[in-house]
Amino acid sequence: MRITHRSYARRCARGLSARRARLLSSDLLPLRLDVDKDYFGHPAFFERFAELRLEIGFGAGEHLLEQAVAFPSIGFIGCEPYMNGVASLLAKMVSTPVDNLLIFPSDALLLLEMLPVGRFTALYLLFPDPWYKRRHRRRRILRGEVLDIFARLLKEDGLLRWASDEPRFVASSLAACCAHPCFCWSANTPADWQDAPSDWCETRYERKAREHGREICYVNFLRY
Ligand SMILES: C[S@@+](CC[C@H](N)C(=O)[O-])C[C@H]1O[C@@H](n2cnc3c(N)ncnc32)[C@H](O)[C@@H]1O
């Protein structure tokens with residue numbers, strides 16, 4: 001079943017510097033996934049990497065780039081509709097170039113159902129927009145029909161990792177993930193969700209949340 005979708009993510013908040021605008025018009029082109037093209041315009045990428053990982057809402061891209069550097073034999077795909085964030089990642093890639101990362105500069109929900117099934121070993125959603133109000137529940141990314149797609153994309157034992165500082169988002173997302181037949185929460189003790197995982201890379205949003213004294217919940221689900 002295809003999910004019907006209208007995007008609620010911001011595209012651009014403030015003007016881009018001339019340098020960042022240039023990065024978007026030049027450096028993005030060879031890294032951009034374009035769903036109108038055959039195998040999104042990068043068939044060699046999908047042939048080259050047996051293992052893929054996806055980050056949804058990468059923000060300024062610090063976690064995505066650190067992962068891509070740490071695991072050069074894995075192909076990474078990052079989705080981010082906020083063009084200031086995409087430009088921040090491209091700026092980082094000027095000093096830290098990698099050849100195992102592609103960018104979908106748009107809403108992840110427009111891409112998910114087209115991605116290859118059973119090829120992903122990890123999906124990351126770090127501090128997704130919470131949409132905690134009940135009337136906004138259809139906008140939440142961690143909901144049953146999207147979890148069905150995540151379950152199809154992930155290999156057996158694949159990781160669905162998310163983090164949040166918004167208690168109402170945590171409650172509704174834990175309920176949705178725990179209710180899904182394909183996912184199992186890997187936490188055994190409170191430290192498993194109170195402490196960042198050992199392979200964690202701090203994100204910009206996380207740093208701000210910590211500075212404001214907000215408690216962060218780190219959640220890992222495994223695909224059966
Ligand atoms: C609170 S920010 C967190 C950014 C980053 N992960 C971090 O931790 O710093 C949420 C991000 O998710 C992005 N986002 C929201 N809806 C999205 C969607 N449907 N697909 C992809 N990204 C989305 C937003 O543009 C924003 O950059």
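Atoms considered below: every heavy atom in the structure, side chains included; atoms not considered: hydrogens, waters and symmetry mates. In listed order, ligands and their atoms are each counted from 1. Just so it is clear, the structure is predicted and the values come from calculations on it, not from any experiment. When a residue number appears, it is its place in the shown sequence, counting from 1.
At a threshold of 4.0 Å, the pair E166-R214 does not count as salt-bridged, since none of the basic side-chain nitrogens sits closer than that to a carboxylate oxygen. Taking 4.0 Å as the cut-off between side-chain N and carboxylate O, D99 and R48 count as a salt-bridged pair.
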Could you give the side-chain donor-acceptor pairs of residues 34-47 under 3.5 Å, partners two or more places apart or in another chain?
unit_1: D34; atom_1: OD1; unit_2: D36; atom_2: N; d: 3.0
unit_1: H42; atom_1: NE2; unit_2: R32; atom_2: O; d: 2.9

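When side chains are defined from C-beta on, E206 counts as touching F127, because their heavy atoms get closer than 4.5 Å.
Where the criterion is an N or O separation shorter than 3.5 Å, residue side chain and backbone included, F127 fails it with respect to ligand 1. For ligand 1, none of its N or O atoms has an N or O atom of I56 under 3.5 Å away. Between A108 and ligand 1, an N or O atom pair is found at a separation short of 3.5 Å. By the 3.5 Å distance cut-off applied to N or O atoms, T203 is counted among the residues near ligand 1. Note: an N/O pair closer than 3.5 Å links Y205 and ligand 1 by distance alone.
In this comparison of A60, G78, P81, G61, the heavy atom closest to atom 14 (N) of ligand 1 sits on P81. Across the listed options E80, R204, E62, E80 owns the non-hydrogen atom lying nearest to atom 25 (O) of ligand 1.
Ring pair W162/F150: centre-to-centre distance not below 6.0 Å. For an aromatic pair to be called close, the ring centres must be under 6.0 Å apart, and W200 with Y218 satisfies this.
The closest approach between any non-hydrogen atom of G85 and ligand 1 is not below 4.0 Å. Residue D129 places a heavy atom under 4.0 Å from ligand 1.
Taking the ring axis of Y124 as reference, the NZ or CZ atom of R53 does not stay both within 45° of it and closer than 6.0 Å to the ring centre.
Atoms of ligand 1 found under 4.0 Å from any heavy atom of Y82 (numbered from 1 in listed order, with element): 25 (O). Residue contact check: G59 has heavy atoms under 4.0 Å from atoms 4 (C), 5 (C), 27 (O) of ligand 1. Distances below 4.0 Å separate heavy atoms of L126 from the following atoms of ligand 1: 3 (C), 5 (C), 6 (N), 8 (O).
Side-chain N/O atoms of T203 and E62 include no donor and acceptor closer than 3.5 Å.
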